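Worksheet for the structure shown next.
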Amino acid sequence: MTVHITNASEIRPLRNLVLRPNQPIETTFYDLDDHLKTFHLASKVGDVIVSIGTFYAENDLDIQMTNGYRLRGMATHPKYRRNGAAAKLMRKAFQILEKKNCDTIWCNARLIAIDFYKSLGFKEIGPKFNISEIGPHYKMYKRLF
């Protein structure tokens, strides 16, 4: 299994399959996908993308940070879950973010992903909230230094 930097168009099909099933592919386009500071990671088994994540510079007002990055679009193909692909991707992201002097990474986590993020050192902040057409989430964060 390898993890590499990629582009948004390469990861959108998995975003669509896992995060926006039965919705148009356009729902997987994020405003900052092509921003200069944004990067996308993909875990691959051979030529198959099995896990993805998008990371962009964005501070959150609820979490004190100076140089924060937000994780969006984290997804793992259902056939490849629980094989370490997502954790390996996140460890690579932490390395890249530390080189960017990122002090905190944060995300809006779906309920089914809470334990995964906690296993990586993320903490919940604030109450549970609902994102329309997606479902309940918690905001989570991890200090990198």
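What's counted below: heavy atoms across the whole structure, side chains too, no hydrogens, waters or symmetry copies. Since the structure is predicted, the reported quantities are computational estimates derived from the model, not experimental observations.
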Q. So among Arg82, Met90, Arg81, which one has a side-chain contact (heavy atoms from CB on, under 4.5 Å) with Phe116?
A.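 The passing option is Met90.
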For [X], does the [atom1] atom sit with more than 12 other heavy atoms under 6.0 Å from it, leaving out its own atoms?
X	atom1	result
Glu26	CD	yes
Ile131	CD1	yes
Asp31	CG	no
Gln64	CD	no

At what distance, to the nearest 0.5 angstrom, does [atom1] of [X] lie from [atom2] of [Y]?
X	Y	atom1	atom2	value
Met74	Leu19	CE	CG	10.0 Å
Arg143	Ile105	CZ	CD1	12.5 Å
Arg12	Tyr30	CZ	OH	9.5 Å
Ile25	Leu17	CD1	CG	9.5 Å
Tyr138	Arg110	OH	CZ	16.0 Å
Leu120	Arg91	CG	CZ	8.0 Å

Q: Please tell me if the side chains of Trp106 and Glu58 come closer than 4.5 Å, counting only heavy atoms from C-beta onward.
A: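 In short, these two side chains touch, coming nearer than 4.5 Å.
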Q: Decide yes or no for His4 and Lys92: does some side-chain heavy atom of the first lie under 4.5 Å from some side-chain heavy atom of the second?
A: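 Answer no - side chains too far apart.
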Partner set under side chain to side chain donor-acceptor pair (under 3.5 Å) for [X], not counting sequence neighbours:
X	value
Asp34	none
Lys139	Asp60, Asp62
Tyr56	Arg72

Ignoring hydrogens and angles, tell me if any N or O in the side chain of [X] forms a donor-acceptor pair with the backbone of [Y] under 3.5 Å.
X	Y	value
Asp103	Phe145	no
Thr104	Leu144	no
Arg15	Thr28	yes

Q) Checking Lys142 against Phe94: charged group under 6.0 Å from the ring centre and within 45 degrees of the axis? A)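 The answer is yes, since Lys142 meets both limits relative to Phe94.
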Would a hydrophobic clustering, with Ile, Leu, Val, Met, Phe, Trp and Tyr connected at side-chain separations under 4.5 Å, put [X] with [Y]?
X	Y	answer
Met140	Leu97	yes
Ile96	Phe55	yes
Ile49	Ile5	no
Phe29	Ile11	no
Phe122	Met65	no

Q: Take Met1 and Asn83 through the test side chain to side chain contact (heavy atoms under 4.5 Å, CB included) and record every step on the way to the result.
A: CA-CA 10 Å; Met1 184 180 324; Asn83 72 354; 4.1 Å; yes
Q. Shortest non-hydrogen contact from Leu14 to Ala75?
A.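 Nearest heavy atoms, Leu14 then Ala75: CD2-O, 4.1 Å.
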Q) Closest approach of His137 and Asn108, non-hydrogen atoms and distance? A)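 Heavy atoms of His137 and Asn108 come nearest at CD2-O, 3.4 Å.
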Q.
Which residues pass the ring-ring contact (aromatic ring centres under 6.0 Å, His included) test with Tyr69, not counting sequence neighbours?
A.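 Expected list: none.
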Compile the donor-acceptor pairs under 3.5 Å between side chains in residues 39-48 and protein atoms, sequence neighbours left out, one pair per line.
residue : atom : partner : partner atom : Å
His40   : ND1  : Thr54   : OG1          : 2.8
His40   : NE2  : Asp33   : O            : 2.9
Ser43   : OG   : Ala85   : O            : 2.9
Lys44   : NZ   : Glu10   : OE2          : 3.4

Q: Mind checking salt bridge (Lys or Arg N to Asp or Glu O under 4.0 Å) for Arg20 and listing every partner two or more places apart, or none if nothing turns up?
A: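 Here no residue qualifies.
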